[in-house]
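Report on the following structure.
Basis for what follows: all heavy atoms, side chains included, without hydrogens, waters or symmetry-related copies. Treat the numbers as computed from the prediction; the structure is a model and nothing was measured.
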2 protein chains.
Amino acid sequence: MSIKKTTLSILFKDLTFTDEEQDLIASKFELRKLKKGEILLHANDVVYHQYYVCNGCLRTYSVDKMGKEHTLQFAIKDWWISDYTAFFTSTQAIVSIECIQEATIYKVSRENMEVLFDKIPKLESFFRRKMEKSFANFQKRILGSLSMSAQERYNAFLNKYPDIEQSVKNYHIASYLGITTESLSRIRKKISKS
Amino acid sequence: MSIKKTTLSILFKDLTFTDEEQDLIASKFELRKLKKGEILLHANDVVYHQYYVCNGCLRTYSVDKMGKEHTLQFAIKDWWISDYTAFFTSTQAIVSIECIQEATIYKVSRENMEVLFDKIPKLESFFRRKMEKSFANFQKRILGSLSMSAQERYNAFLNKYPDIEQSVKNYHIASYLGITTESLSRIRKKISKS
DNA sequence: TTAATTTATTATCCTACATCAATTTTCACA
DNA sequence: TGTGAAAATTGATGTAGGATAATAAATTAA
């Protein structure tokens, strides 16, 4: 069994499991190590999996027609990541997933999720709540992009991902904020002087 | 029974129902007429309902600390609307819902949704799929806000909400796009000349 | 450790969109 | 049907953040 009880309690927080449930979950989760720069999912691939990040850092991003990258989100320790839009419907990914800091992850397929949901219904509510939070975050992000300046968005980013700065490049942050690295540089300078 | 079979088939598309199911649904849906300017939901209210738009036009928006309005989305004929972020958890709304063109809607409470899901499971999948689509739209909107110019976003808006222009004011559209009415005016002029 | 390369900063100039102010157009309703 | 208010347009000017280019700092490789 690759997953220990303590690990499970981190993954699923307040949920507790019987030994059988634990074994079943363990049999469906695959542990993987990722090197920096590795692409877990390419845009246009069909999405069969979602991933739990044990440590390290990943990001989802898309490339526009000008060749510019845009970061949709980062995932650090204890976050789940996938192209959920495509994952839900097993269709082609819009975004790619890249490892930007050496990471350990658990990989679960959509199929196996169904099996788990069927056998352990509380997992289904767990993931439903996750999705609801994710939905709420997207909503807030849209409102933020409509109402906040680049500097305010940067502060919101630091709040949302504390301690992430050492894991990601400035240009990743810039591509998340929708600005250039030069602008981010100026914002950081301005903040440091105040 | 306030809802007819034909109405239900519009509401739930490809789903079909027995007479009992139909009666049950009808008993949980409340028909309402809204006047232009009516506020269906105020930010900070607890959200107990979601709404189906038969005709007319509503929008969800929030007001930032500068007093500026930002439109999160519009809902026209055959759209569902609520502050889903708050609806999911019966918590306080972040956005308000305003009727911007005289409308007829169906109102359903979260509680009654649970009853319906329990008795008619296919409704639960129906709404799950709706949410997934909504999630996907939010994701696309974020990527759009990162990668597109105001003019491109305006075109994307026209695509997403065809025939909506006669229902909404320019300043509603502007507040959806994250620009001023003046800028929108210039964009429209530019487009009309090309 | 140095050299090579990647990343971040800074400076200059530029552009998309904002702000403010003045009209013009549209629309509600008396 | 005319009139006042709301909405949209236009113009002048300002500004946040973009583009380009040069330099500096930090990583990585050798």
Side-chain angles (χ1 to χ4, degrees), chain A residues 35-38 56-57 59 61 63-71 74 98-102 144-158 164-194, chain B residues 34-38 56-57 59 61 63-71 74 98-103 144-158 164-194:
Chain A
K35 293 216 195 72
K36 188 172 169 172
E38 208 168 320
C57 185
R59 67 164 183 144
Y61 69 96
V63 181
D64 69 24
K65 50 192 171 349
M66 306 301 288
K68 239 182 171 174
E69 288 185 1
H70 303 283
T71 297
F74 296 101
E98 179 192 12
C99 170
I100 54 179
Q101 191 187 46
E102 201 169 45
S145 78
L146 293 175
S147 64
M148 297 194 292
S149 68
Q151 177 161 178
E152 289 171 313
R153 277 178 278 134
Y154 178 56
N155 284 324
F157 165 82
L158 292 178
I164 208 183
E165 289 215 80
Q166 67 276 13
S167 304
V168 305
K169 303 292 179 198
N170 262 349
Y171 59 79
H172 290 140
I173 300 178
S175 80
Y176 175 92
L177 297 174
I179 59 177
T180 59
T181 50
E182 293 90 340
S183 292
L184 179 54
S185 209
R186 279 177 219 123
I187 288 169
R188 288 155 66 94
K189 190 182 180 186
K190 202 169 150 195
I191 289 175
S192 73
K193 284 199 291 192
S194 63
Chain B
L34 299 175
K35 293 215 195 73
K36 188 171 169 174
E38 209 169 318
C57 185
R59 67 165 183 144
Y61 68 96
V63 182
D64 69 22
K65 50 191 171 351
M66 306 300 288
K68 240 181 168 173
E69 288 184 1
H70 303 282
T71 298
F74 296 101
E98 179 192 12
C99 170
I100 54 179
Q101 192 186 47
E102 202 168 44
S145 79
L146 292 175
S147 64
M148 297 194 290
S149 68
Q151 177 160 182
E152 289 170 313
R153 276 179 278 135
Y154 178 57
N155 284 324
F157 165 82
L158 292 178
I164 208 183
E165 288 216 81
Q166 66 277 13
S167 306
V168 306
K169 303 292 177 198
N170 263 348
Y171 60 79
H172 289 140
I173 300 178
S175 79
Y176 175 92
L177 297 175
I179 59 177
T180 59
T181 51
E182 292 92 335
S183 292
L184 178 54
S185 202
R186 281 176 206 118
I187 288 169
R188 287 155 68 95
K189 189 182 180 185
K190 202 168 149 195
I191 289 175
S192 73
K193 283 199 291 194
S194 64

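- Protein atom CD1 of A:I191 is 12 Å distant from nucleotide atom P of D:dG17, rounded to whole Å.
- Of the candidates D:dG11, D:dG17, D:dA8, D:dG11 carries the atom nearest the B:R186 side chain, counting heavy atoms from C-beta on.
- Residue A:K68 places its side chain closer to D:dA19 than to any other of C:dC17, D:dA19, C:dT19.
- Contact annotation for A:E182: base contact, defined as any heavy-atom pair under 4.0 Å involving a base atom.
- Residues that satisfy the side chain to side chain contact (heavy atoms under 4.5 Å, CB included) test with A:T71, not counting sequence neighbours, are A:R59, A:Y61, A:F74, A:S175, A:Y176.
- Between B:K193 atom NZ and D:dT9 atom P there is a gap of 13 Å when expressed in whole angstrom units.
- A salt bridge links B:E165 to B:R188: at least one charged side-chain nitrogen sits closer than 4.0 Å to a carboxylate oxygen.
- No side-chain heavy atom of B:I187 sits under 4.5 Å from any side-chain heavy atom of B:L177.
- With rounding to whole Å, A:E165 atom CD is found 16 Å from D:dA26 atom C1'.
- Counting only heavy atoms from C-beta on, B:R153 has its side chain closest to C:dC17 among C:dC17, C:dT9, D:dT28.
- Separation of atoms CD (A:E98) and NE2 (A:H172) is listed at 5.0 Å; rounding is to 0.5 Å.
- Atoms CD1 (B:I187) and P (D:dT9) sit 12 Å apart, rounded to a whole Å.
- The interatomic distance linking B:L146 (CG) with D:dG17 (P) rounds to 14 Å, in whole Å.
- Rounded to an integer number of Å, the gap from NZ of B:K35 to C1' of C:dA28 is 16 Å.
- By the 4.5 Å heavy-atom criterion applied to side chains, B:I173 and B:Y154 are counted as neighbours.
- Between B:E152 and A:K65 there is a salt bridge, since a side-chain N of the basic residue sits under 4.0 Å from a carboxylate O of the acidic one.
- The CD atom of B:Q166 sits 17 Å away from the C1' atom of D:dA8 (whole-angstrom rounding).
- In terms of phosphate contacts, A:S183 brings no side-chain nitrogen or oxygen within less than 4.0 Å of OP1 or OP2 of D:dG17.
- You'll find the side chain of A:S167 stays beyond 4.5 Å of the side chain of A:I100, heavy atoms only.
- Note: A:Q101 CD to A:I164 CD1 = 9.0 Å, rounded to the nearest 0.5 Å.
- In this structure, B:C99 SG and B:E102 CD are separated by 7.5 Å, a value rounded to the nearest 0.5 Å.
- Relative to the side chain of B:T180, the nucleotides C:dT9, D:dG17, C:dT19 differ in distance, and C:dT19 lies closest.
- Within residues 168-177 of chain A, no residue has any heavy atom under 4.0 Å from DNA chain D.
- For B:L184 and C:dT19, the CG to C1' distance is 16 Å, given to the nearest whole Å.
- Taken over five-pair windows at either terminus, the axes of the helix from C:dT1-D:dA30 to C:dA30-D:dT1 are inclined to one another by 50° (rounded to 10 degrees).
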